[in-house]
Amino acid sequence: MSYHKELAAAKKAASLAARLCQNVQKALLQSDVQSKTDKTPVTVADYGSQALVSFVLQQELRAEFSLVAEEDSKDLRKDGAQEIVERITKLVNYSLTSDGSYNVTLSTEDVLKAIDSGRSEGGSQGQHWVLDPIDGTKGFLRGDQYAIALALLDGGKVVLGVLACPNLPLTSLEDAGQHSPNNEVGCLFFAEVGGGTYMQPLDGSSAVKVQVSAVENPEEASFFESYEAAHSMHDLTSLIAQKLGVKAPPVRIDSQAKYGALSRGDGAIYLRFPHKGYREKIWDHAAGCIVVTEAGGVVTDAAGQPLDFSKGKHLDVDTGIIVTNQKLMPLLLNAVKESLKEKAPSS
C-alpha cells in the first residue's frame, strides 16, 4: 500500500510547524537573559506547532483522522491563559499567511480545537498519526537541537515518518564544527515503509537518499546520546562504549535529531537508557525509528526486541533503546548485556 499522499501532507505540516518554531526561537534568543528561564516561548511554540500540524493534515487529507500527540488545550482554557492563547493564534495565522497555501484566518477557538484533535490513544487498529510538536524542549530553549516529529501508524506499525530539524546542519555533524561559510542548517528527513529515507533542506529544495554508516569496526564508530543526563544514564552508556571499544567521545544532542543524523551516517550508534521507572512515549521514537530503519539501520530495546508501537501512548521496552547498523548490532547487544550485568546490584 502506498502512503504518498499522507507523506506529502506530513512533510508540509512538519515544515510549516518548523517555520513557526524557528520564528519563536529566533525571538527568544534575541530577548534578554532573564526570559531564558521563562517557559512561555516553548509553550507557545509547542501548542502552535501542534495546532498547525493538525490543521494542515485536516486540510490536505480532507478526512477524519486520529492524532496521538503530546499536548491538549486543558491548560489553555484556564483563567489567565487568554494572552498566551492569543499569542499562539497570532503565530499560527502568521505561519499560514506566510506560506500562502491556505487562505484562512483561524480564531482562538479554531486553534484550541486543532490542538485537541491530538487526544487519540493510538493502538493496533486503524491509522493513527503520532506527533511530538517540539521534541527536545530544553534544546529549543538553549538554541540547540530540537525536532518536529510526525509519524503515521497503520495497524500498529509505523508506515511513514517525518523529522523536521531546524538547527541540524545540512552537512555531517562531524564536519559542522569547522563552521564553513555555507554551513546551512535546517533538515527535513522523511521515510515511507519500503521506500528508503530521504533528506532535504527545510526550504524544500531537492531531496537526497541517505544511508546509515557502514562502519563495521567499533573503534571507528562514534555514538550519540541524549544531551540531558536525566534522559539517559551517561555512566552506563560510557561503560557500553568502553566494552565495545569505541574510541570517540559521545556526541550529545537533544531530540530525535539524533535519529536523523544517524540515518545519514553522521554517527554509527545511538544509546538511550533512561532512569528506572521512566516510560517511553511513542511520539519520542515513532518518526525517528522509521527514518533510521528505512536508511538501513536497526532499532531495538536492550534485549534486541523491535519497538512495539501498537500498545497505545507508551512503549514497553526492556531497559533502553539502542540504534545502529546491521553489522554492529550483534556486538552492541553483547556489550549492552555485559554492561547491564556489571551494573546490576548483586543479589
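Only this structure's heavy atoms are used, side chains among them; waters, hydrogens and symmetry mates stay out.
A donor-acceptor pair is defined here as one N or O able to donate and one able to accept, closer than 3.5 Å; such a pair exists between the side chain of D110 and the backbone of S107. Using a distance-only test at 3.5 Å, with no hydrogens or angles considered, a donor-acceptor pair links the side chain of E192 to the main chain of Y3. A donor-acceptor pair under 3.5 Å is formed between the side chain of S98 and the backbone N or O of Y94. Between the S117 side chain and the A114 main chain, a donor and an acceptor come within less than 3.5 Å of each other. Q50 places no side-chain N or O within donor-acceptor distance of the main-chain N or O of I134, the cut-off being under 3.5 Å. Side chain of H285 to backbone of L315: no donor-acceptor contact under 3.5 angstrom is found. Between the D116 side chain and the S73 main chain, a donor and an acceptor come within less than 3.5 Å of each other. For D301 (side chain) and D318 (main-chain N/O), a donor-acceptor pair under 3.5 Å exists by modelled atom type. Put simply, the side chain of T108 never gets that close to the backbone of V85: no donor and acceptor are under 3.5 Å apart. The closest donor-acceptor contact from the side chain of R264 to the backbone of T171 lies under 3.5 Å.
Of the candidates T324, T293, L262, V299 forms a side chain to side chain contact (heavy atoms under 4.5 Å, CB included) with just one, namely T293. Here the rule is side chain to side chain contact (heavy atoms under 4.5 Å, CB included) with V158, and of L153, V130, I282 only L153 fits it. Tested against L160 for a side chain to side chain contact (heavy atoms under 4.5 Å, CB included), the candidates E6, E294, H4, K11 yield a single pass: E6. For the side chain to side chain contact (heavy atoms under 4.5 Å, CB included) criterion with Y146, the lone passing option out of D135, D254, N167, T137 is N167.
Salt bridge present: D316 and R279 bring a charged side-chain N and a carboxylate O closer than 4.0 Å. Salt bridge status for K243 with E342: present, with a side-chain N to carboxylate O gap under 4.0 Å. One finds no salt bridge joining R19 and D203 here, because no Lys/Arg side-chain nitrogen approaches an Asp/Glu carboxylate oxygen to under 4.0 Å. Note on D308 versus K311: salt bridge recorded, some NZ/NE/NH1/NH2 to OD/OE distance being below 4.0 Å. A salt bridge does not link K258 to D266: none of the charged nitrogens lies less than 4.0 Å from a carboxylate oxygen. Checked for salt-bridge contact, E109 and R77 meet the test: a charged N lies under 4.0 Å from a carboxylate O. Here E225 does not pair with R272 in a salt bridge; the nearest charged N to carboxylate O distance is not below 4.0 Å. Under 4.0 Å is where a charged nitrogen must lie from a carboxylate oxygen, and between D235 and K343 at least one such pair does. A salt bridge between K281 and D284 is absent, with no side-chain N of the basic residue lying under 4.0 Å from a carboxylate O of the acidic one.
Two residues are said to be in side-chain contact when any heavy atoms from C-beta on lie closer than 4.5 Å; K12 and D99 meet this criterion. Residues L96 and T105 have side chains not in contact (no heavy-atom distance under 4.5 Å, counting atoms from C-beta outward). Residues I322 and V336 have side chains in contact (heavy-atom distance under 4.5 Å, counting atoms from C-beta outward). I148 places none of its side-chain heavy atoms less than 4.5 Å from the side chain of L163. Counting heavy atoms from C-beta outward, V53 and W129 have side chains that stay 4.5 Å or more apart. With a 4.5 Å cut-off on side-chain heavy atoms, L188 and C165 do not count as touching. The shortest side-chain heavy-atom distance between F140 and D46 does not fall under the 4.5 Å cut-off. The shortest distance between side-chain heavy atoms of V291 and F190 does not fall below 4.5 Å.
A distance of 10.0 Å separates CG in L331 from CD in E216, rounded to the nearest 0.5 Å. One distance of note links CD of E220 with CG of L328; it measures 9.5 Å at 0.5 Å rounding. If you take CD on Q145 and CD on Q256, they are separated by 13.0 Å, rounding to the nearest 0.5 Å. Annotation: the span from C21 atom SG to L52 atom CG amounts to 8.5 Å, rounded to 0.5 Å. The line from CD of Q127 to NZ of K157 is 14.5 Å long, rounded to the nearest 0.5 Å. For the atom pair M233 CE and S238 OG, the distance stands at 11.5 Å (nearest 0.5 Å).
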Note to self: Please determine whether side chain to side chain contact (heavy atoms under 4.5 Å, CB included) holds for the pair L332 and L244, giving the CA-CA distance in whole Å, both sets of side-chain angles, and the decisive distance to 0.1 Å.
What the structure shows: CA-CA 7 Å; L332 180 55; L244 201 54; 3.7 Å; yes
Check: Where do Y47 and L76 land on the side chain to side chain contact (heavy atoms under 4.5 Å, CB included) test, with the steps shown first?
Finding: CA-CA 9 Å; Y47 285 118; L76 297 179; 3.6 Å; yes
Next item on the list: Starting from the C-alpha separation in whole Å, work towards a yes-or-no answer on side chain to side chain contact (heavy atoms under 4.5 Å, CB included) for Y102 and L16.
Entry: CA-CA 12 Å; Y102 310 106; L16 258 181; 4.2 Å; yes
Next item on the list: Carefully, step by step, assess D144 and I253 under the rule side chain to side chain contact (heavy atoms under 4.5 Å, CB included).
Entry: CA-CA 8 Å; D144 285 344; I253 59 173; over 6 Å; no
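The ring of Y270 has its center closer than 6.0 angstrom to the ring center of Y259.
Connection of L239 to V251 is not established within any shared hydrophobic cluster, with ILVMFWY side chains joined at heavy-atom distances below 4.5 Å, either directly or through further cluster members. Note on V185 and F224: separate hydrophobic clusters, where clusters join Ile, Leu, Val, Met, Phe, Trp and Tyr whose side-chain heavy atoms are under 4.5 Å apart, directly or indirectly. The cluster map of Ile, Leu, Val, Met, Phe, Trp and Tyr, joined by side-chain heavy atoms under 4.5 Å apart, puts I84 and L91 in the same cluster.
Legend: residues meeting side chain to side chain contact (heavy atoms under 4.5 Å, CB included) with D79, ordered by chain and number and at least two apart, are absent.
Taking each heavy atom of A241 and F223 in turn, the nearest pair found is CB-CE2, 3.4 Å. Minimum interatomic distance between A221 and A248 (heavy atoms only, all atoms of both residues): O-CB, 4.3 Å. Considering every non-hydrogen atom in both S120 and K313, the closest pair reads O-CE, 3.5 Å. In terms of heavy-atom proximity, M329 sits nearest to V298 at CE-O, 3.6 Å. Here the shortest heavy-atom pairing between A257 and A147 reads N-CB, 4.2 Å. In plain terms, the two heavy atoms of S54 and F65 that are nearest each other are O-CZ, 3.5 Å.
By the neighbour-count criterion of 12 heavy atoms within 6.0 Å, atom OH of Y278 is densely surrounded, having more than that number from other residues, nucleotides or ligands.
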